[in-house]
Amino acid sequence: MSSLNNTYAGVKPIIITAGEPSGIGADIILKLAETVWPIALIVCADKSLLAARNKQLDLNVELVDYDSTKMITPVGIGQLIVAHQPLNSPSEAGQLDKSNAQYVLDTLSFANDGCLSGEFSAVVTAPVHKGIINEAGISFSGHTEFFAEQSNTDLVVMMLATTGLRVALVTTHLPLKDISEAITEARLTSIINILNKELQLKYGIKTPRIYVCGLNPHAGEGGHMGTEEIETIEPTLEKLRLQGIDLIGPLPADTLFQEKYLEDADAVLAMYHDQGLPVLKYKGFGKAVNITLGLPYIRTSVDHGTALDLAGTGKADTGSLLCAVDEAITMATSQQSRLNRAKL
Ligand SMILES: NC(=O)c1ccc[n+]([C@@H]2O[C@H](COP(=O)([O-])OP(=O)(O)OC[C@H]3O[C@@H](n4cnc5c(N)ncnc54)[C@H](O)[C@@H]3O)[C@@H](O)[C@H]2O)c1
Ligand SMILES: N[C@H](C(=O)O)[C@H](O)COP(=O)(O)O
């Protein structure tokens, strides 16, 4: 039987990549077996890595081999389905090893390919270590950029969400010195269009209201503290407003994040990573989800990194992974309902 017909409750399985093998990915993923999920979850990782961490943490999770030719249904408490991807070298908790960088990327490629082919309905990612992948000689700035490239998507948007706040970014993993140059009319226009469309599609918001941060202190203080607002951001927002997008700003980023604005904001658009994400993570670290908007498939992720200091200790919090899996299930289920309605 082809995996393409492999649906449960109408929805294909969700693939979960375990990330950096020496980080907390395996620890938190093993804890997924404490819940019965409504959709089948498949973990892409080295089976011996999961088995070793299972033992180290004194868990008793049964690892079931993934077979794409068989009907996959959700497993019971205490079980996980594993699509085995071999490590290059044995991995120890907390000890990065660049010889496993390609393994990490292989798990991501497996997920990307399976989502594109329709084998999986979504991918949820556990954290990778960007530094060690680059040390292995492979240029890599993040899952967001990797999945965009692998799926031949020109531009995607990184958005992190927690209860009461969504923050999307105009630029992602760029050095600070390159940001001003990257804030162009073309980029802003594409990012806002993707964000607006995905808030409609994925969240069912008819006319999303998006608050936009300035780039400079006090949004440039009328051009006395930077001119990007006057030269690029304001004229671009004005053009997009004329096309019917509900945009407010650019507002100074230091005072934008207050209830008066946030109560009717469907998303805040920050110009760069550390302008928006510290606020989001202060509000919801451990309960937030990273979502890539604009990909041809659903991708959610945790809000934290590899936490090498906690790997193998049993102290890693699973909250964000649970939120990321919940979000992927919700999105995959409603996407399937839309497809079913379209067929009628
Ligand atoms: N989704 C991803 O792949 C992702 C996200 C963020 C960072 N990273 C990468 O992770 C690596 C380490 O980054 P970092 O040190 O800045 O951030 P980090 O999130 O790994 O750790 C920051 C602090 O938060 C704690 N922490 C993180 N996750 C936790 C959890 N689940 N439970 C309890 N405490 C937790 C850590 O112990 C540490 O004190 C870097 O290579 C970074 O690029 C990856
Ligand atoms: N910017 C993300 C964060 O701060 O949580 C993180 O680096 C992960 O990014 P990717 O999903 O692109 O790997």
Side-chain angles (χ1 to χ4, degrees), residues 16-32 53 57 93-98 100-101 104-105 107-108 111-112 122-136 138-151 153 155-162 165-176 179 270 272-295 297-325 327-328:
I16 302 184
T17 56
E20 164 55 41
S22 65
I24 57 171
D27 308 36
I28 56 177
I29 280 174
L30 284 164
K31 300 274 181 68
L32 291 175
R53 207 62 68 81
L57 295 176
Q95 303 297 317
L96 290 169
D97 177 349
K98 65 183 178 188
N100 281 323
V104 171
L105 298 185
T107 63
L108 304 188
N112 170 76
V123 51
V124 178
T125 57
V128 300
H129 196 283
K130 302 172 192 62
I132 198 70
I133 299 174
N134 282 282
E135 278 173 39
I138 306 165
S139 171
F140 177 89
S141 46
H143 293 92
T144 307
E145 300 84 353
F146 181 86
F147 285 136
E149 193 185 324
Q150 292 260 310
S151 63
T153 310
L155 193 64
V156 295
V157 177
M158 182 187 294
M159 183 176 86
L160 273 81
T162 191
L165 183 64
R166 298 186 188 98
V167 174
L169 306 179
V170 177
T171 56
T172 54
H173 296 119
L174 270 192
L176 215 44
I179 285 166
Y272 59 94
H273 192 280
D274 283 7
Q275 183 181 57
L277 296 193
V279 184
L280 187 287
K281 292 193 184 185
Y282 182 65
K283 184 170 170 61
F285 193 54
K287 298 182 292 292
V289 183
N290 177 352
I291 304 128
T292 311
L293 304 176
L295 280 175
Y297 48 81
I298 295 161
R299 182 257 169 164
T300 68
S301 187
V302 292
D303 63 5
H304 56 79
T306 49
L308 298 173
D309 54 324
L310 300 182
T313 67
K315 291 184 184 154
D317 181 46
T318 54
S320 178
L321 180 66
L322 298 179
C323 292
V325 172
E327 185 82 340

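Counting starts at 1 for both ligands and their atoms, in listed order.
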*Asks:* Give the atom numbers and elements of ligand 1 that come within less than 4.0 Å of a heavy atom of Ala316.
*Replies:* 32 (N)

*Asks:* Does any non-hydrogen side-chain atom of Thr292 lie less than 4.5 Å from one of His143?
*Replies:* no

*Asks:* Atom NZ in Lys98, atom CD1 in Ile133: separation rounded to 0.5 Å?
*Replies:* 13.5 Å

*Asks:* Distance below 4.0 Å between atom 14 (P) of ligand 1 and any protein heavy atom?
*Replies:*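 Within 4.0 Å: no protein heavy atom nearby.
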
*Asks:* State, with a plain yes or no, whether a side-chain heavy atom of Arg53 is found less than 4.5 Å away from one of Leu30.
*Replies:*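 Side chain of Arg53 against side chain of Leu30, heavy atoms only: contact under 4.5 Å found.
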
*Asks:* Answer whether the closest heavy-atom distance between the side chains of Asn290 and Arg299 falls below 4.5 Å.
*Replies:* yes

*Asks:* Below 4.0 Å, non-hydrogen atoms only: which portion of Leu308 touches ligand 1? Side chain, backbone, both or neither.
*Replies:*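 Neither part.
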
*Asks:* Any side-chain heavy-atom pair from Tyr272 and Leu174 closer than 4.5 angstrom?
*Replies:*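 Heavy-atom side-chain distance check fails, nothing below 4.5 Å.
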
*Asks:* Which option, His304, Lys130, His129, owns the non-hydrogen atom nearest atom 42 (C) of ligand 1?
*Replies:*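 Minimum heavy-atom distance to atom 42 (C) of ligand 1 goes to Lys130.
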
*Asks:* Quick check: does Gly305 get an N/O under 3.5 Å from an N/O on ligand 1?
*Replies:*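 For ligand 1, there is an N or O atom that lies under 3.5 Å from one belonging to Gly305.
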
*Asks:* Give the numbers and elements of all ligand 2 atoms closer than 4.0 Å to a heavy atom of Lys130.
*Replies:*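 Answer for ligand 2: 6 (C), 7 (O), 8 (C).
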
*Asks:* For ligand 1, is there an N or O atom under 3.5 Å from any N or O atom of Val128?
*Replies:*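 Yes - when backbone and side-chain N and O of Val128 are compared with those of ligand 1, one distance drops under 3.5 Å.
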
*Asks:* Could you identify the single nearest non-hydrogen protein atom to atom 1 (N) of ligand 1 and state the distance to 0.1 Å?
*Replies:*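 Heavy-atom neighbour on the protein nearest atom 1 (N) of ligand 1: Ser301 OG, 3.5 Å.
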
*Asks:* Assign the ring pair His273 / His173 to parallel, tilted or perpendicular, where the plane angle (0 to 90°) is split at 30° and 60°.
*Replies:* tilted

*Asks:* For Ile298 versus Ala328, what's the shortest heavy-atom pair and its separation?
*Replies:*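 Looks like CG2-CA, 4.4 Å.
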
*Asks:* At what distance is the nearest protein heavy atom to atom 37 (O) of ligand 1, and which residue and atom is it?
*Replies:* Asp309 OD2, 2.9 Å

*Asks:* For atom 9 (O) of ligand 2, what's the nearest protein heavy-atom neighbour? Residue, atom name and distance, please.
*Replies:*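 Sorting protein heavy atoms by distance from atom 9 (O) of ligand 2 puts His173 CE1, 3.3 Å first.
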
*Asks:* Can you tell me the protein heavy atom closest to atom 32 (N) of ligand 1 and the distance?
*Replies:* Asp317 N, 2.8 Å

*Asks:* For ligand 1, which atoms, with element, lie under 4.0 Å from some heavy atom of Ile24?
*Replies:*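 Answer for ligand 1: 28 (N), 30 (C), 31 (N).
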
*Asks:* Below the 3.5 angstrom mark, is there an N/O of Ser301, backbone or side chain, next to an N/O of ligand 2?
*Replies:* no

*Asks:* Among Asn112, Val128, Thr17, which one satisfies side chain to side chain contact (heavy atoms under 4.5 Å, CB included) with Thr107?
*Replies:* Thr17

*Asks:* Do Phe147 and Val156 touch side chain to side chain, with heavy atoms closer than 4.5 Å?
*Replies:* no

*Asks:* For atom 4 (O) of ligand 2, what's the nearest protein heavy atom and its distance?
*Replies:*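 Protein heavy atom with the smallest distance to atom 4 (O) of ligand 2: Lys281 NZ, 2.8 Å.
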
*Asks:* Show the atoms of ligand 1 that are less than 4.0 angstrom away from any heavy atom in His143.
*Replies:* 3 (O)

*Asks:* If I apply the N/O under 3.5 Å rule, does Lys315 come out as touching ligand 1?
*Replies:*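 In fact, backbone or side chain, Lys315 has no N or O that close.
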
*Asks:* Can you confirm, on distance only, whether ligand 2 has an N/O atom lying under 3.5 Å from any N/O atom belonging to His304?
*Replies:* no

*Asks:* With a cut-off of 4.0 Å, which atoms of ligand 2 are near a heavy atom of Met158?
*Replies:*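 Result: 1 (N), 9 (O), 12 (O).
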
*Asks:* Would you sort out whether Leu169 and Leu277 count as a side chain to side chain contact (heavy atoms under 4.5 Å, CB included), showing the intermediate values?
*Replies:* CA-CA 9 Å; Leu169 306 179; Leu277 296 193; 4.0 Å; yes

*Asks:* Residue-level breakdown please: for Asn290 versus ligand 2, do any non-hydrogen atoms fall below 4.0 Å on the side chain, on the backbone, on both, or on neither?
*Replies:*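 The side chain, only.
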
*Asks:* Would you mind listing which atoms of ligand 2 come within a distance below 4.0 Å of any non-hydrogen atom of Gly142?
*Replies:* 12 (O), 13 (O)

*Asks:* Thr300 side chain to Ala324 main-chain N or O, any donor-acceptor pair under 3.5 Å?
*Replies:*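 Judged by distance alone, yes, a pair lies under 3.5 Å.
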
*Asks:* If we only count heavy atoms from C-beta on, is the Val279 to Val167 side-chain gap below 4.5 Å?
*Replies:* no

*Asks:* Distance below 4.0 Å between atom 44 (C) of ligand 1 and any protein heavy atom?
*Replies:* yes

*Asks:* How long is the gap from CD on Glu145 to CG on Leu155, to the nearest 0.5 Å?
*Replies:* 10.5 Å

*Asks:* Taking C-beta and beyond as the side chain, do Leu310 and His304 meet within less than 4.5 Å on heavy atoms?
*Replies:*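 With C-beta onward as the side chain, the pair stays apart.
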
*Asks:* Considering only non-hydrogen protein atoms, determine which one is nearest to atom 12 (O) of ligand 2 and report residue, atom name and distance to 0.1 Å.
*Replies:*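 That would be Thr144 OG1, 2.5 Å.
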
*Asks:* For atom 20 (O) of ligand 1, what's the nearest protein heavy atom and its distance?
*Replies:*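 Residue, atom and distance for the closest contact: Ala307 N, 2.8 Å.
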
*Asks:* Side chains of Val124 and Leu321, heavy atoms from C-beta outward: is any pair under 4.5 Å?
*Replies:*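 In short, these two side chains touch, coming nearer than 4.5 Å.
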
*Asks:* Are there protein heavy-atom neighbours of atom 4 (C) of ligand 1 below 4.0 Å?
*Replies:* yes

*Asks:* Return the residue, atom name and 0.1 Å-rounded distance of the protein heavy atom closest to atom 1 (N) of ligand 2.
*Replies:*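 Checked against all protein heavy atoms, atom 1 (N) of ligand 2 sits closest to His273 NE2, 2.8 Å.
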
*Asks:* Which heavy atom in Ile29 sits nearest to a heavy atom in Ala18, and how many Å separate them?
*Replies:* CD1-CA, 3.4 Å

*Asks:* Check each heavy atom of Leu277 against ligand 2 and say whether those closer than 4.0 Å belong to the side chain, the backbone, both or neither.
*Replies:*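 It is the side chain that touches ligand 2; the backbone stays farther off.
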
*Asks:* Just to check, does Asn290 reach to within less than 4.0 Å of ligand 1 when the distance is taken from its heavy atoms?
*Replies:* no

*Asks:* Give the residue and atom name of whichever protein heavy atom lies nearest to atom 33 (C) of ligand 1, and the separation in Å to one decimal.
*Replies:* Leu310 CD1, 3.4 Å

*Asks:* Give the minimum heavy-atom separation between Ala126 and Gly25, together with the two atoms involved.
*Replies:* CB-CA, 4.0 Å

*Asks:* Among all protein heavy atoms in this structure, tell me which lies nearest to atom 2 (C) of ligand 1, with the distance rounded to 0.1 Å.
*Replies:*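 The closest one turns out to be Pro127 CA, 3.6 Å.
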
*Asks:* When only distance counts, is Thr306 in polar contact with ligand 1, meaning an N/O pair under 3.5 Å?
*Replies:* yes

